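Right, one structure below, let's go through it.
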Amino acid sequence: MQETATNGAAASDKQLNFLEEIIERDLNEGRCDHVLTRFPPEPNGYLHIGHAKSICLNFGLAKKYGGRTNLRFDDTNPVKEDTEYVDAIQQDIRWLGFDWAGVHYASDYFDQLYEWAVLLIKKGLAYVDDQSLEEIRRNRGTVTIPGTDSPWRNRSVEENLDLFNRMKQGEFADGSKVLRAKIDMSHPNMQFRDPIMYRILHAHHHRTGDKWCIYPMYDYAHGQSDSIEGITHSICTLEFDIHRPLYDWFIEQLGIYPSHQYEFARLNINYTVMSKRKLLQLVKEGYVSGWDDPRMPTICGFRRRGYTAEAIRNFCERIGVAKRDNIIDYSLLEFSLREHLNKVAQRRMAVLNPVRVVIDNYPEGQSELLTAINNPENQADGTREIPFSRELFIERDDFMENPPKKYFRLAPGQEVRLRYAYFVTCTSVEKDADGNITCIHCTYDPATRGGDAPDGRKVKGTIHWVSAQHAVKAEVRLFDRLFATEAPDEAPEGKTFLDNLNPDSLCTLTDCRLEPDLSNVSTRDKEQQKANEAWEPQHFQFERLGYFCLDSDATKEHLIFNRSCTLKDSWAKING
Ligand code: ATP
Ligand code: MG
């Protein structure tokens, strides 16, 4: 095992991150002879891009060192948890491309945790406290002021055992008692001021049903769960670093397998929020269409929007692991997506905001097929045929009646190339009573078929188009940032993060025209929809417009495309 580790490291010429350094040190010094990590989501919401970072890290590290990763549901709070989330979490991890060694639940350990709590009571290291949560908070002191001992702190072991057992039997009301570790009420680390281990909660648990009415707190459950599974490296986010000594304390007092905790900086991205509580609020209060709304920073939201698992993994790799908090620019996510889709997405032509064009010198009733390249980045994708005819649609933006200098698209008297087709020159326009252009008249040069003039004549602009009679209709959804401000969590007095929502984050275009080939796009079938499987849409580049994919709600009869991201520099590309 150790050998694999060293070889693995040698194979990569990149510098080790601090977690890799720790693991290699542990393996080399014989502190462990294998690597077992875990990803421990609380099933109280869907996974977001921050979790993706943690997943890539936990699974990635184990893989690199020939180890394994457990999936553990940290289900110690029955009130907020649900099997819907358990299923969605597994689906998202699989979709990201990872598989776990075993699925575990903190609730599987409730019996063991209870026994250990009894053991701590017997050792004089835990007691039942009758103070209210409010009193406990007040008596905890502050960083500079020591806490005050609870009047119940010196109960006898027998009394504590009896009360704890009766707490378990359901004799007491919620909030009337807690079990606390007996450590030191004036400890400089506040976590050591007799932390709460158990609270009473008469609530139905999604797995243990009504068996328990006392539930362990995170600090008491997490380290022990790691230890039970034999986790070698328990990786979590920075805010838990002050909990680490307590994590070690419980393990030490119980004399169980010494798992160790290591912290890294959580992923923050600008223009979005990442707390599950806030994401849940967006869903519940209808600010978005669901957890998988393409504007959501959730994994299923990204998937529906057209992000690929590879793009997300590359993003996580690119940002690396830091020990200090930072904020990553949203554009880095888009960069990773473009990088991948540029390689794999087939090109198509689509007109989002159509205006009609008539080629007056093209024979009426005639049409022809032109050859288009599916993906210039991948020869193997080959070519396809697109129909051309006398009446076309082009983008409204690609015509100006009175163009400024350097406007190289279509304008009266100006010649442009229709992608893959011909050079055309605008001769006149028709308008309605309000002055809106309803039709653009052009002539074409038959000698320029395929897009080049035999006389060497150049045009400065190339625009995309679709044949009016052959085009298929579709709805297209364009997305902008969900929040208008860079740090939406920071709301001024009297406002909340909701006040920072971007009112224009969704733009729905209902009269788009696509080249006919796109009617063959595969839709999500009814069975998949019912089974709620992760559905991977086909990805396309609509030339000059961005990357798009079919929405999971679309049908053959009602095509809906989502724009995954724009092209960085569409103009340079097509004119260059
Ligand atoms: P939230 O605050 O969004 O509810 P959480 O930390 O409570 O997140 P958990 O389900 O407990 O969510 O998280 C599971 C794992 O994912 C934990 O190890 C946690 O540290 C990690 N994680 C959560 N958010 C991030 C993030 N933004 N960046 C990196 N890791 C994260
Ligand atoms: Mg949590």
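What you are looking at is a predicted structure, and each value in this text was computed from that prediction instead of being measured. Counting starts at 1 for both ligands and their atoms, in listed order. FYI, side chains are in, hydrogens and waters are out, and symmetry mates aren't considered; it's all heavy atoms of this structure.
- Only the side chain of His48 comes within 4.0 Å of ligand 1, judged by heavy-atom distances.
- For atom 20 (O) of ligand 1, the nearest non-hydrogen atom from the set Thr237, Asp74, Asn58 comes from Thr237.
- Checking only distances, Lys276 does come within under 3.5 Å of ligand 1, N or O to N or O.
- Near Phe39, the atoms of ligand 1 lying under 4.0 angstrom from a non-hydrogen atom of the residue are 15 (C), 16 (O).
- The distance criterion of under 3.5 Å between nitrogen or oxygen atoms is met by Leu267 with respect to ligand 1.
- Evaluation of the side-chain hydrogen bond (donor to acceptor under 3.5 Å, both in side chains) test over residues 249-261, restricted to residues two or more places apart or in two chains, returns Gln261-Glu263.
- Ion pairing between Asp293 and Arg477 fails under the 4.0 Å rule for side-chain N and carboxylate O.
- Using a 4.0 Å cut-off between a side-chain N of Lys or Arg and a carboxylate O of Asp or Glu, Glu334 and Arg338 qualify as a salt bridge.
- Distances from atom 6 (O) of ligand 1 to the heavy atoms of Arg266, Arg38, Arg72 show the closest one on Arg266.
- Where the criterion is an N or O separation shorter than 3.5 Å, residue side chain and backbone included, Phe240 fails it with respect to ligand 1.
- Put simply, the side chain of Arg140 gets close to the backbone of Met190: a donor and an acceptor are under 3.5 Å apart.
- Between Glu42 and ligand 1, at least one N/O pair is under 3.5 Å apart.
- A salt bridge links Glu134 to Arg137: one of the charged nitrogens lies within less than 4.0 Å of a carboxylate oxygen.
- Close approach of ligand 1 to Ser275 is summarised as follows: ligand atoms under 4.0 Å from at least one heavy atom of the residue are 3 (O).
- Electrostatic pairing of Arg304 and Asp551 counts as a salt bridge here, judged by a charged N lying under 4.0 Å from a carboxylate O.
- Relative orientation of the Trp212 and Tyr114 rings is tilted, given thresholds of 30° and 60° on the angle between their planes.
- Here salt bridge (Lys or Arg N to Asp or Glu O under 4.0 Å) pairs that include residues 196-210, with residues two or more places apart or in two chains, are Asp108-Arg207.
- For ligand 1, the atoms closer than 4.0 angstrom to any heavy atom of Ser54 are 16 (O), 21 (C), 30 (N).
- When the options Ser234, Cys236, Pro41, Gly45 are ranked by their closest heavy atom to atom 14 (C) of ligand 1, first place goes to Pro41.
- Numbered from 1 in the order shown, with element, the atoms of ligand 1 that lie under 4.0 Å from a heavy atom of Phe264 read 29 (C), 30 (N).
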